[in-house]
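First the proteins, then the strands, lettered A, B, ... as listed; each starts at 1.
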There are 2 protein chains.
Amino acid sequence: MPKRVTIADVAALAGVHKATVSRALNVPTEHQVNAETLKRVQEAARELGYIPNVMARGLRTSLSMTIGVIVPDLTNPIFPPVLRGIENHLSPLGYTALLGNTDGRDDVERAVFDSLLERRVDGFIFATARAHHPLLIEARDRDIRAVMVNRGDTDVPFPLVTGDDASGVAAAVRHLVELGHRRLLHLAGPSYLTTGRVRADAFVAACAEAGIIGTVIEVSALNVEAGFVAMETVNADADDRPTAVVANNDLLALGAMRWLRANGLSCPRDMSIVGFNDMPFAEDFSPALTTVRVPFLDMGAEAARLLLEGMKAGSQEPITVSLPVSLVIRDSTAAPGRP
Amino acid sequence: MPKRVTIADVAALAGVHKATVSRALNVPTEHQVNAETLKRVQEAARELGYIPNVMARGLRTSLSMTIGVIVPDLTNPIFPPVLRGIENHLSPLGYTALLGNTDGRDDVERAVFDSLLERRVDGFIFATARAHHPLLIEARDRDIRAVMVNRGDTDVPFPLVTGDDASGVAAAVRHLVELGHRRLLHLAGPSYLTTGRVRADAFVAACAEAGIIGTVIEVSALNVEAGFVAMETVNADADDRPTAVVANNDLLALGAMRWLRANGLSCPRDMSIVGFNDMPFAEDFSPALTTVRVPFLDMGAEAARLLLEGMKAGSQEPITVSLPVSLVIRDSTAAPGRP
DNA sequence: ATGAAAGCGCTAACAA
DNA sequence: TTGTTAGCGCTTTCAT
């Protein structure tokens with residue numbers, strides 16, 4: 001809509017050829033331009049309010065300087081920090097992130113993926129990986145540069161940036177055992193998600209090591225409702241019900257809290273709850289949630305770094321970068337039977 | 001990275017001219033192509049895995065089919081729903097949203113704005129408007145199509161989509177008065193934000209109408225810390241301290257809650273609190289927050305609709321669309337002096 | 001209904 | 001150091 005000033009206009013005003021303008025206005029080539037000419041071009045550009053056209057440049061260089069970021073749902077509070085981390089790393093390098101939500105649906109993810117391909121993104125960051133994900137397999141077959149974040153795929157050789165889930169769960173179990181808990185319940189994420197499996201395995205292992213009883217229930221989805229529903233399988237009145245819950249994520253933990261309330265039970269007096277992620281405002285929940293903090297900002301930044309590295313190298317090692325997590329103890333955990 | 005199939009390859013395989021392929025593959029022109037040819041082209045495209053190059057198309061049509069969305073900070077939980085609303089409206093129409101965070105800094109916003117201009121976005125949605133915003137004035141001078149969302153500018157004629165703030169605040173005050181409160185405090189947003197002023201004015205008006213005492217404190221920023229800090233101006237021990245707080249948004253309300261806790265006071269027994277926005281998980285706070293629900297998803301969708309409408313029309317009426325809000329009563333409000 | 005030709009704005013060889 | 005030339009992949013007159 002703004003009147004379009006092109007490189008030709010700048011060239012005319014500066015009295016040089018288009019190519020010289022191009023050279024002058026691009027950092028990597030500006031040094032091969034006479035200092036005076038450079039100044040003249042820059043002034044002409046400023047005077048005309050010249051704004052380079054990234055589409056034209058991209059067409060010529062076959063580089064869009066954009067990265068496609070595919071997430072299940074941006075309203076899940078863990079993803080904004082990941083995205084911010086990605087952008088923090090990309091922006092200074094001239095890259096822009098193109099966001100796509102899938103709502104957890106394969107057909108939507110396909111559409112998003114295609115749309116991003118049409119925009120010729122230079123690489124992808126997937127937060128939607130799962131076991132044997134067809135889309136990731138296709139991406140690999142197309143020889144696309146990509147990185148997975150948070151969750152991984154079981155059989156696709158893209159780099160993965162994740163939190164140290166096993167340590168996190170182990171720390172949570174240890175914390176509960178130290179408080180005196182002996183019957184734990186794990187609200188496990190769906191087993192087709194690597195986070196679901198890894199954390200469940202770690203839970204079982206940690207319980208075994210501590211010599212206590214650890215039950216696992218697999219939820220149907222990673223949201224508050226699913227957490228509530230999963231809790232309905234425990235008998236609220238039984239004497240041998242679990243005294244503490246380790247949830248696959250904070251949303252499930254929230255669901256468990258709501259279930260307690262709905263059944264006239266109190267957290268942590270009647271049951272302790274530990275979440276995972278330390279999502280924003282977890283400390284403001286009722287009660288403040290004990291949870292495992294995952295460094296999502298760093299996670300995003302590291303994913304972006306790794307992707308760019310792979311793009312530059314022209315090839316990618318399928319390494320897994322595991323970021324340290326930490327247990328944040330708040331008010332949702334206490335010794336069993338005590339407020 | 002994927003091997004690049006162009007329209008020429010498709011043309012060759014289908015045995016037609018490039019132009020025919022272009023016509024066949026674009027919905028608005030496909031009808032001017034012979035049915036048989038059309039089929040042949042589509043098959044060739046599919047067989048080769050042809051993916052149109054949006055950059056090339058954009059260069060030719062000078063349409064990028066992208067919309068720039070500028071928000072202060074995506075990790076503020078009210079913005080993801082707005083963005084989702086925008087995308088929900090844009091995607092089916094072939095548009096993509098390009099997101100930019102400003103962190104509330106003018107220089108960052110400038111950079112984001114410029115970067116979006118370089119990408120030749122077809123229009124803007126600003127969630128960063130404020131009184132006399134220089135950037136918006138510049139946007140208007142450049143004859144750019146834009147819409148403001150949530151907050152407005154005082155002197156720029158772009159359409160604005162907002163919640164019905166005045167009604168929301170009035171409902172909150174009425175609710176508190178009905179509970180028996182007579183001394184209210186308003187944590188007002190910065191006065192350079194239209195939301196800050198509009199809500200503060202509505203608060204004063206509502207208190208006047210009810211014939212009660214309404215004090216206003218202007219906070220320095222719209223976050224939890226600022227809410228906490230602002231509350232430190234009230235004397236926790238005084239008998240005539242306010243019995244209820246109406247906060248400009250949920251984050252400030254949260255800050256007020258933390259201040260109560262820090263001062264050994266209880267909400268709602270010692271002080272009732274009403275937020276604004278009904279951000280995600282407001283119902284899980286401690287206590288569950290009474291607040292004014294704003295339809296952010298609709299807000300985003302309406303902003304996108306309005307923008308596209310203005311783009312098509314070639315001109316924009318500076319109308320204000322005010323979306324209805326509703327008071328959601330939870331546990332943070334009660335009669336004064338009672339639990 | 002289809003083809004021919006031009007050109008969107010830019011960069012990258014190659015010359016000079 | 002600067003200019004010349006060509007072309008990235010697509011759409012769009014204008015012919016046919």
Does some side-chain heavy atom of A:M55 sit less than 4.5 Å from a side-chain heavy atom of B:S64?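 Side-chain contact under 4.5 Å: yes.
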
Determine, for nucleotides 9-16 of chain D in 5'-to-3' order, which nucleotides have protein heavy atoms under 4.0 Å from the base (write B), from only the sugar-phosphate (write S), or from neither (write -). BBBBB---

Can [X] and [Y] be counted as an ion pair, charged N to O under 4.0 angstrom?
X      : Y      : result
A:D114 : A:R110 : yes
B:R105 : B:D103 : no
A:E138 : A:R142 : yes

B:R305 and B:E302: CA distance, side-chain angles, deciding distance, salt bridge (Lys or Arg N to Asp or Glu O under 4.0 Å) verdict: CA-CA 5 Å; B:R305 197 191 63 70; B:E302 176 62 14; 2.9 Å; yes

Nearest whole Å is fine: how far is D:dT1 P from A:R40 CZ?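 Rounded to whole Å, this separation is 14 Å.
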
